[in-house]
Amino acid sequence: MNQDIFTELLASHRDRLYSHALYSLRDAHDAEDIVQEAFLKLWRHYDRIDPDKAGGWLMRVVHNLCVDRARRRQAQRNNLGLPDALAVESLTASTEDPAGALYLDERQQALLAALSTLTPETRSVMIMHYFQDMKLHEIGEALGKSVSALKVQIHRARKSLRLILTTETVAPVQAQRGTG
Amino acid sequence: MKTDCTFFELQLTEYASDGLGATEVARLEDHLAACADCRAELAREQELRELLGSLPTVACPPLQAPTARPSRTSLWYFGGGLVAAVLLAALVAPGLLTKSRPTAELATADRVPTVEFTTAEIKQARHDVLATLVLTANILDRSRDRTVVEIFGRRLPRAVRGSLNHLDSAKSKTTNTPDPIPTGGQG
């Protein structure tokens with residue numbers, strides 16, 4: 001891998017990984033730190049990384065960093081006796097740059113808040129699959145997990161988000177297939 | 001039926017993302033046609049997909065990209081090696097700068113020399129110590145009604161007590177001034 005390829009990887013993955021970290025941690029500064037760290041690791045190790053697999057490698061690094069950061073924050077909050085911050089507001093309101101604020105509808109805000117009740121790892125997997133549109137086998141490859149384990153993980157997460165997901169539409173099966 | 005539902009529910013994620021084969025799709029759809037619970041679960045799956053899938057991709061703030069490609073041994077290893085080299089030099093250099101001597105010679109040359117005191121010097125030192133004790137006793141005992149031995153009492157070793165008594169009596173013989181520490185008196 002040469003420097004040109006590194007630069008190309010940076011350009012093509014940066015925003016996607018930043019968004020993943022942002023929705024996973026709900027903190028812009030943490031997200032920026034994580035992406036910076038991920039690319040620094042890539043810089044240090046790129047002699048050993050196949051450029052074709054760098055995207056998955058980066059995703060794994062960002063996933064692990066998000067999980068670590070979230071666990072550390074939770075431990076700090078527990079120690080201080082603080083409630084877990086459902087900081088969807090930090091995503092939707094920016095005092096520094098109002099133009100950069102995210103405009104999410106109520107259901108998205110509620111869902112992101114509900115995702116915070118999941119474990120950091122499950123939350124990251126959900127964002128990988130539903131936001132980044134990664135297939136289960138791609139996630140499995142990136143994280144070293146089996147497709148079966150991922151199916152179970154997502155199934156349980158969906159169950160726990162049931163109260164937020166209130167759509168009880170019973171529609172014909174044929175019309176629903178492949179619309180996701 | 002419950003067991004079947006769990007099996008099919010686990011397939012819903014792949015079903016909704018076109019990840020199932022034709023045979024599996026047919027089997028699942030047959031089940032969905034007959035199971036309202038699983039249809040509801042599918043609806044939740046699709047809602048989840050719609051809500052999270054429509055989240056915007058946020059532009060990442062500018063990152064600080066490294067400008068120079070590190071060598072194979074990265075800057076960290078290089079820096080660590082440099083530190084190690086400096087430490088090693090600090091340990092070795094003093095030895096290099098001084099004349100190396102055989103071990104036996106060092107054993108005698110660097111040995112701390114012992115000081116030999118004469119008997120007279122020892123006596124004088126003892127006298128000085130005792131005199132200090134007397135002076136201290138005088139300061140402590142304003143009434144000067146007690147001897148040093150009486151002031152310090154049994155805290156003094158016997159040899160010292162003996163020497164002090166001898167000192168007291170010697171002083172009273174050599175000077176005409178009143179003995180600052182009377183031999184008798186109140187305790």
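In the text below, chain A, chain B and the rest are named by the order of the sequence lines, each starting its count at 1.
No option in A:R162, A:R156, A:K159 other than A:K159 meets the salt bridge (Lys or Arg N to Asp or Glu O under 4.0 Å) test with B:E9.
Heavy-atom distances place no part of A:L150 under 4.5 Å from chain B, backbone and side chain included. In this structure, chain B has heavy atoms under 4.5 Å from both the backbone and the side chain of A:R14.
By number of non-hydrogen pairs under 4.5 angstrom with chain A, the leading residue of B:L51, B:T13, B:L55, B:T57 is B:L55.
For A:A157 against A:L118, the heavy-atom pair with the smallest separation is CB-CD1, 4.1 Å. The minimum heavy-atom distance between B:E45 and B:L12, with the atom names listed, is CG-O, 3.9 Å.
For B:E50 and A:R107, the salt-bridge test passes: some basic side-chain N is under 4.0 Å from an acidic carboxylate O.
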